[in-house]
Amino acid sequence: MTGLRPIEALVTAALEEDAPWGDLTSEALVPVDATLDARLVAREPGVLSGAAVFTAAFRLVDPQIRVQFLAADGEHFETGDVLAEVSGPARGILRAERIGLNFVQRMSGIATQTAGFVAAATGTRARIVDTRKTTPGLRLLERQAVRDGGGHNHRTTLSDAVMVKDNHLAAVVGAGLTVTEALVQMRARLPHTVHVEVEVDRLDQIPAVLAAGVDTVMLDNFTLEELRQGVALIGGAALVEASGGVSLDTVAGIAATGVDVISVGALTHSVRSLDLGLDVAPTSAAGPSPRASREPVTTP
């Protein structure tokens with residue numbers, strides 16, 4: 001789970017962006033002692049992600065606001081389900097509403113889309129992973145949403161692991177080295193704990209890469225038949241990752257080729273935020289929640 005410190009930093013920046021000098025409307029219109037009850041309601045089915053971020057938006061605006069989640073991150077829900085209840089000072093709820101929703105809607109959209117890819121690959125060995133194609137500044141949250149959807153994370157930053165891509169190889173070959181020589185020399189300069197992955201876009205590139213003893217070979221934009229041939233050629237000497245051309249329509253076929261990992265940029269770079277709403281009513285008008293019989297979910 002993403003730690004509270006980075007969550008609070010991101011939410012604080014978002015709140016300051018949205019109301020740099022306060023909420024002019026609420027402060028001019030709403031009595032200072034007014035209170036509200038609100039419910040986070042699903043307008044469509046999906047998978048929840050972002051409970052801690054949603055909660056932080058309200059808590060940072062006014063610690064007196066109470067947020068109680070009735071569903072947990074990673075849980076599937078249906079249209080009309082009440083996912084959380086919010087109560088407390090009206091001005092604070094109204095100020096935090098949009099920021100809390102923006103985060104939980106996007107994160108739940110990522111989790112929901114990820115869950116679809118994971119379901120399509122069920123029954124195979126393939127692990128669905130994200131990429132670095134994330135929203136600048138929001139990578140930690142979007143990576144959390146991928147995990148909530150049942151997916152896994154690729155390297156988080158350029159500092160975490162070695163991934164040699166086609167442009168890297170073009171640079172070293174242009175300097176007069178063979179691919180194998182360049183990779184072996186690189187490996188000698190790295191700590192033994194560093195994972196090394198190399199991207200190839202043709203079958204005939206695989207032997208030179210394997211000769212360097214790499215950990216993962218990425219097969220980029222291969223056809224299904226080429227993927228099967230690549231898996232057979234690598235023969236367990238390294239993990240096999242498939243990348244490129246991955247969609248909900250193609251992922252099942254890719255997974256069936258025997259690859260170990262399928263990286264999907266679409267999990268984060270082109271996701272649609274889920275339709276969740278905050279329904280607000282006077283405290284006295286609030287009735288029991290459809291999920292009230294369930295044990296509340298504790299969030300940080």
Side-chain angles (χ1 to χ4, degrees), residues 2-3 6 110 114 117 121 124-147 151-222 226-246 251 254-255 257-269:
T2 303
I110 291 171
T114 301
F117 279 88
T124 73
R125 65 191 297 171
R127 168 181 288 199
I128 302 298
V129 306
D130 53 22
T131 71
R132 287 170 43 250
K133 296 176 182 177
T134 53
T135 306
L138 298 183
R139 182 172 297 172
L140 287 176
L141 300 185
E142 294 182 349
R143 288 290 176 87
Q144 175 67 51
V146 168
R147 296 194 298 273
H152 299 267
N153 298 144
H154 213 295
R155 60 173 179 166
T156 300
T157 72
L158 291 173
S159 303
D160 296 334
V162 168
M163 181 183 289
V164 180
K165 308 196 81 173
D166 52 355
N167 288 342
H168 295 107
L169 293 177
V172 298
V173 170
L177 294 171
T178 69
V179 168
T180 303
E181 288 171 342
L183 293 175
V184 168
Q185 290 180 19
M186 177 195 71
R187 189 113 209 199
R189 291 189 289 269
L190 293 169
H192 71 281
T193 55
V194 174
H195 188 97
V196 175
E197 177 169 353
V198 179
E199 173 190 275
V200 300
D201 52 26
R202 300 191 317 273
L203 286 166
D204 62 9
Q205 295 173 317
I206 293 176
V209 169
L210 288 180
V214 304
D215 302 297
T216 299
V217 179
M218 177 194 287
L219 309 181
D220 187 45
N221 284 302
F222 278 38
E226 288 171 338
L227 286 173
R228 283 188 284 268
Q229 292 179 38
V231 169
L233 183 59
I234 293 167
L239 292 173
V240 183
E241 177 178 338
S243 180
V246 184
V251 67
I254 293 171
T257 64
V259 298
D260 301 291
V261 177
I262 303 175
S263 53
V264 189
L267 297 184
T268 55
H269 74 57

Side-chain heavy atoms of R143 within contact of R132, under 4.5 Å: yes

Taking every non-hydrogen atom, the tightest pair across G230 and L219: CA-CD1, 4.1 Å

Steps toward side-chain contact (heavy atoms from CB on, under 4.5 Å) verdict (V217, V198): CA-CA 5 Å; V217 179; V198 179; 5.8 Å; no

Closest non-hydrogen atom pair, T131 against V264: CG2-C, 3.9 Å

Nearest non-hydrogen partners of L140 and P6, listed with the distance: CD1-CB, 3.9 Å

Side-chain heavy-atom pair D201, N221 within 4.5 angstrom cut-off: no

L233 side chain near P207 side chain, heavy-atom distance below 4.5 Å: yes

Note, V164 side chain near M186 side chain (heavy atom, < 4.5 Å): yes

Under 3.5 Å donor-acceptor, R139 side chain and T156 backbone: yes

Stepwise side-chain contact (heavy atoms from CB on, under 4.5 Å) check, V209 with I206: CA-CA 5 Å; V209 169; I206 293 176; 5.7 Å; no

Non-hydrogen side-chain atoms of E197 and R155 separated by less than 4.5 Å: no

Evaluation steps, salt bridge (Lys or Arg N to Asp or Glu O under 4.0 Å), between R127 and D260: CA-CA 6 Å; R127 168 181 288 199; D260 301 291; over 6 Å; no

Rounded distance (nearest 0.5 Å) linking atom OG1 of T178 with atom CD of Q185: 8.5 Å

Minimum-distance pair of heavy atoms, taken over all atoms of T124 and A255: OG1-CB, 3.4 Å

From CG (L239) to CG (D215), nearest 0.5 Å: 7.5 Å

Any T268 side-chain heavy atom under 4.5 Å of T135 side chain: no

I128 CD1 to N153 CG distance, which is reported to the nearest 0.5 Å: 13.0 Å

Value rounded to 0.5 Å, distance of CE in M218 from NE2 in H154: 4.5 Å

Inter-residue atom distance D220.CG - D166.CG, 0.5 Å rounding: 7.0 Å

Heavy-atom closest pair, residues V214 and A238: O-CB, 3.7 Å

Test side chain to side chain donor-acceptor pair (under 3.5 Å) applied to S243 and S263, step by step: CA-CA 5 Å; S243 180; S263 53; 3.3 Å; yes

G151 to T114 - nearest heavy-atom pair and separation: N-CG2, 3.5 Å

Interatomic distance, H168 atom NE2 to L183 atom CG [nearest 0.5 angstrom]: 11.5 Å

Close side-chain approach of V261 and T216, heavy atoms under 4.5 Å: no

Donor-acceptor contact below 3.5 Å, side chain T257 vs main chain R228: no

Residue pair L169 / E199, side-chain heavy-atom distance below 4.5 Å: no

side-chain contact (heavy atoms from CB on, under 4.5 Å) between F222 and V200, worked out: CA-CA 9 Å; F222 278 38; V200 300; 4.1 Å; yes

Main-chain N/O of G213 paired with R187 side-chain donor or acceptor, under 3.5 Å: yes

